[in-house]
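Below: the structure, in structure tokens.
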Amino acid sequence: MTRRAAAAGRPGAVGRPGAAGRSDAAGGSGAAGTSGAKKSVGAGRAVGDGGAVARTAVLWCPDWPVIAAEIVDGVPATGAVAVLHANRVVAASEVARADGVRRGLRKREAQSRCPGLVVVDHDPARDARAFEPVVAAVEEMVAGVEVVRPGVCGFAARGPARYFGGEEPAAERIVEYVAQACGVESQIGVADGGFAAGLAAREGLIVASGETVAFLAARPVEALARPALTELLRRLGITTLGAFAGLGRGDVLARFGFDAALAHRLAAGGDERPLAVRRPPPDLEVSEDYGDDPLERVDVAAFAARVLAERLHERLAGYGLACTRLAIGAVTAHGQELHRVWRHDGLLTTAAIADRVRWQLDGWLSGTTRRGAGARTAPARPTAGIIRLRLVPEGVLPHAGLQPGLWGETGEEKERAHRSFNRIQGILGPESVVTAVLGGGRSPADQVRLVPWGDELTPTRPAAPWPGRLPPPAPALVLPAPLPATVRDAAGEPVGVSARLLVTAAPARLTIGSGPPAEIVGWAGPWPVDERWWAPTEARRRARFQVALADGSAFLLSLAAGQWSVEAIYD
């Protein structure tokens, strides 16, 4: 059967020495101190719905919303504190519960029971952010941790039990390590399946293998955390999980629905699903120490940058990642710390990383040493050589080009092209190589902007076409400067557009500049544009046409202030 965890105060616990007297919706009370447990012997494993359930351990931090408010906002958890959501209490400190504050109470009633109550708004982001160090501490002791919710995480019990010599020693070691590393009080429960382990964690219990069904049988149906189902079951006279598990599975599914059938599986000692363990992010940082020979010359620093860049690129390639934002850090012999971040909207290859590290080291080591007023024209040079260099890829994304192909490396052509672009920019400046980015606008010239190669590309393509935007297809060539033109009808009279946007006559001939007239065999329009009418100096009003000529060519024309012009050419 089950054994209760030994109660012993732990140093470093947040807020209070013990967790005695805690209550929750499941009706369990937390045990104070270390969540070690007397080893209990059982045969086999709990079976729910015909399938074996794995041994699972759950770590629970009591009153976590209150503890998170203390960690992040500095609200003392030793006082009377209540966390509210939608004007109702969702968590309360031990002192507040002693004064009668319970979950579900309205704010006014909670304050009437405890006049000195400190009210804190519920913030799931705060709870998750404060819980991250706890999860990281657990991951240092065991592999494969699943975050159930802020304040609760689970992991398979078999690995830690074999490594630490049993489930009880493993629970003790993990709880003690969390208390020492994070200063947070916690309890661990172990049982067959995550649901039973979560209930056991509320009481600091280790349920023997095969005894989970008996452990759950006496629990109230409120432990299912399904208020609607709980109320219905109680009206039917079903008050415990054992009574609920005694019903037929088919009957529960037919009468109460799928969610109730899942709850029935849990009450019978089954599990909802296997653990969805969290994969810790890989450590991609690379560094090198130069304590014996500090970097003081640019040429020596450039060689060091190349070696370190190759190590970083190999590490990224091993995970199939590309770096888009690179942080370069350095420490001098006098303890001065230098830090810069380089951003790149493309594939940072080995050469690209080495170039940026070399440029940054060149800027640091070539800085001026003059400090008089008005004398500094460059950043101050470090007072000593660099003894430690560190590269941290702060922005990474999956990149298929880093994966080896079946017949050689993939992306070699792109790498050569990227290096060529970077070299051209180094010689002629960043504006010498640009990338076209589509965006919003009504005319082809407005819809494309040129961004220097390497800068972040932020497309501004609208979700829906702009009013007055030209229909497809897009022209093949947008002229940098419109060409003057003349459009006449069959009688040789100029074609215009009235104030009601009506064409005065059908276009028949087009003359571009001083060239010969060409016959128009098809046309569409007009598409009017009346832009920035609120700014008289920037206002622009025009009408656009698409015309096709007898020789097969097509043009985009615009008419503004009585003057025709050619804006673009179609293929």
Side-chain angles (χ1 to χ4, degrees), residues 128-130 132-137 139-140 181-182 278-296 298 300-367 379-403 411 415 418-419 422 425-426 430 453-458:
R129 187 166 61 252
E132 178 61 26
V134 177
V135 180
E139 285 179 336
E140 293 182 16
C182 306
R278 189 181 80 150
R279 297 184 59 184
D283 183 12
L284 303 176
E285 174 184 329
V286 296
S287 61
E288 188 67 41
D289 293 325
Y290 310 97
D292 297 335
D293 190 11
L295 303 178
E296 297 181 350
V298 175
V300 177
F303 177 77
R306 179 74 187 187
V307 175
L308 206 58
E310 290 178 352
R311 287 174 50 192
L312 177 60
H313 189 266
E314 290 176 359
R315 182 165 296 184
L316 291 172
Y319 290 99
L321 300 174
C323 179
T324 59
R325 193 169 65 253
L326 175 68
I328 304 172
V331 180
T332 68
H334 290 171
Q336 183 181 3
E337 295 187 4
L338 308 172
H339 184 80
R340 286 290 184 274
V341 177
W342 288 75
R343 192 179 192 126
H344 183 74
D345 189 71
L347 174 64
L348 272 176
T349 61
T350 302
I353 295 174
D355 286 344
R356 280 152 180 80
V357 179
R358 175 173 55 83
W359 296 338
Q360 189 59 61
L361 292 176
D362 189 5
W364 283 334
L365 298 177
S366 301
R381 181 177 180 177
T383 56
I386 295 175
I387 62 172
R388 181 177 176 81
L389 188 61
R390 184 167 60 104
L391 303 183
V392 182
E394 293 188 349
V396 294
L397 50 83
H399 201 290
L402 296 177
Q403 299 294 341
E415 182 176 348
H418 292 180
R419 181 163 178 80
N422 292 329
Q425 285 183 315
W453 170 261
D455 288 0
E456 184 179 10
L457 304 179
T458 54

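Scope of the values below: all heavy atoms of this structure, side chains included, with no hydrogens, waters or symmetry mates.
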With sequence neighbours left out, what residues match [X] under salt bridge (charged side-chain N to carboxylate O under 4.0 Å, His left out)?
X      : value
Glu314 : none
Glu140 : none
Asp292 : none
Arg315 : none

To the closest 0.5 Å, what do you measure between [atom1] ([X]) and [atom2] ([Y])?
X      : Y      : atom1 : atom2 : answer
Ile328 : Ile353 : CD1   : CD1   : 9.5 Å
Glu337 : Arg390 : CD    : CZ    : 8.0 Å
Leu284 : Cys323 : CG    : SG    : 9.0 Å
Ile387 : His334 : CD1   : NE2   : 9.5 Å

Compare every heavy atom of [Y] with every heavy atom of [X], then report the nearest pair and how far apart it is.
X      : Y      : answer
Leu391 : Pro393 : O-CD, 4.0 Å
Cys182 : Pro133 : SG-O, 3.5 Å
Ala330 : Leu389 : CB-CD1, 4.2 Å
Tyr290 : Ile386 : CB-O, 3.9 Å

Listed by chain and number, what are the side-chain hydrogen bond (donor to acceptor under 3.5 Å, both in side chains) partners of [X], not counting sequence neighbours?
X      : result
Arg388 : Ser287, Asp289
Arg129 : none
Glu288 : Arg311

I'd like to check the side-chain contact (heavy atoms from CB on, under 4.5 Å) partners of Val300; sequence neighbours left out, ordered by chain and number. Leu295, Arg297
Counterpart residues, side-chain contact (heavy atoms from CB on, under 4.5 Å), relative to Ala327 (two or more places apart): His339, Val341, Val392, Glu394
Which side-chain N or O atoms in residues 302-310 pair as donor and acceptor under 3.5 Å with protein atoms at least two apart or in another chain?
| from | atom 1 | to | atom 2 | distance (Å) |
| --- | --- | --- | --- | --- |
| Arg306 | NE | Glu310 | OE2 | 3.4 |

